[in-house]
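What follows is a short report on a single structure.
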Amino acid sequence: MIEKILTVQNRAGIHARPAAIIAQTANKFESEVSIVRDDAVVNAKSIMGVIAMGAGYNTQLTLRVEGPDESEAAEVIEELFNSKFEEE
């Protein structure tokens, strides 16, 4: 399993568009992809789950990826966060 700490860097936080991008990206991989905020764990392949986290600007989240393509999945999702979901 791979765990990475990610920070929401786009000013608008995780709203519908970034949540859709995260879910679409996570669904390209076979691995299980979860995002953890405090005690809440959501399936990153679920748009509604990702939105429901209510992650605003500068929120720290933990990405957990487990499966056959976990390295690639973690890297690609981390890059989404680093690129601010191409919103800025």
Side-chain angles (χ1 to χ4, degrees):
M1 179 174 25
I2 294 176
E3 281 195 2
K4 290 181 177 261
I5 304 296
L6 304 177
T7 302
V8 179
Q9 299 176 43
N10 59 312
R11 298 253 177 226
I14 305 286
H15 53 88
R17 186 178 164 281
I21 292 170
I22 292 167
Q24 287 167 355
T25 303
N27 274 298
K28 292 178 184 174
F29 297 97
E30 208 177 311
S31 297
E32 287 185 32
V33 184
S34 304
I35 298 176
V36 184
R37 179 178 182 196
D38 303 324
D39 294 331
V41 180
V42 301
N43 179 352
K45 296 181 179 186
S46 162
I47 294 172
M48 294 311 295
V50 176
I51 291 173
M53 283 187 311
Y57 177 63
N58 265 344
T59 301
Q60 285 207 321
L61 305 170
T62 303
L63 175 68
R64 286 188 187 149
V65 189
E66 185 169 10
D69 50 6
E70 62 188 21
S71 297
E72 186 184 356
E75 195 175 300
V76 170
I77 293 170
E78 181 179 30
E79 184 51 39
L80 288 177
F81 278 80
N82 291 340
S83 71
K84 302 179 185 180
F85 306 100
E86 296 179 3
E87 287 194 337
E88 295 175 15

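Excluded from the calculations below are hydrogen atoms, water molecules and symmetry mates; all remaining heavy atoms, backbone and side chain alike, are included. Along the sequence shown, residues are numbered consecutively beginning with 1.
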Applying the 4.5 Å side-chain criterion to the ILVMFWY set and letting contacts propagate, would I22 and L6 be lumped into a single cluster? yes

Determine the minimum heavy-atom distance between A19 and I51, stating which atoms define it. CB-CG1, 3.4 Å

Nearest 0.5 Å, what's the CG-CD1 distance between N82 and I77? 12.5 Å

Are any side-chain N or O atoms of R37 and backbone N or O atoms of G54, one a donor and one an acceptor, separated by less than 3.5 Å? yes

For N10, which of E86, K84, E87 qualifies under side-chain hydrogen bond (donor to acceptor under 3.5 Å, both in side chains)? E87

I'd like to know if V33 and V76 are part of one continuous hydrophobic network [Ile/Leu/Val/Met/Phe/Trp/Tyr, side-chain heavy atoms within less than 4.5 Å]. no

Ignoring hydrogens, what is the shortest heavy-atom contact between V8 and G56? Give both atom names and the distance. CB-O, 3.4 Å

Taking all heavy atoms of K45 and all of S31, pick out the closest pair and write down the distance. NZ-O, 2.9 Å

Side-chain (E70) to main-chain (G67) donor-acceptor, under 3.5 angstrom: yes

Once you round to the nearest 0.5 Å, how far does CE of M48 lie from CG of N43? 13.5 Å

Quick check: closest heavy atoms across P18 and G13, and the distance to 0.1 Å? CG-O, 3.8 Å

I'd like to know whether L63 forms a side chain to side chain contact (heavy atoms under 4.5 Å, CB included) with F81, so could you lay out the CA-CA distance, the side-chain angles of the two residues, the decisive distance to 0.1 Å, and finally the verdict. CA-CA 11 Å; L63 175 68; F81 278 80; over 6 Å; no

Has D69 got a side-chain atom pairing as donor or acceptor with F29's backbone, closer than 3.5 angstrom? no

Residues, nucleotides or ligands: over 12 heavy atoms within 6.0 Å of E3 CD: yes

Take I35 and I14 through the test side chain to side chain contact (heavy atoms under 4.5 Å, CB included) and record every step on the way to the result. CA-CA 12 Å; I35 298 176; I14 305 286; over 6 Å; no

With the 4.5 Å side-chain cut-off for hydrophobic clustering, are M53 and I47 part of the same group? no

Find the distance between CD (E79) and OG1 (T25) and round it off to the nearest 0.5 Å. 11.0 Å

Does R11, at its CZ atom, have more than 12 non-hydrogen atoms belonging to other residues, nucleotides or ligands within less than 6.0 Å? no

Inter-residue atom distance R64.CZ - I2.CD1, 0.5 Å rounding: 13.5 Å

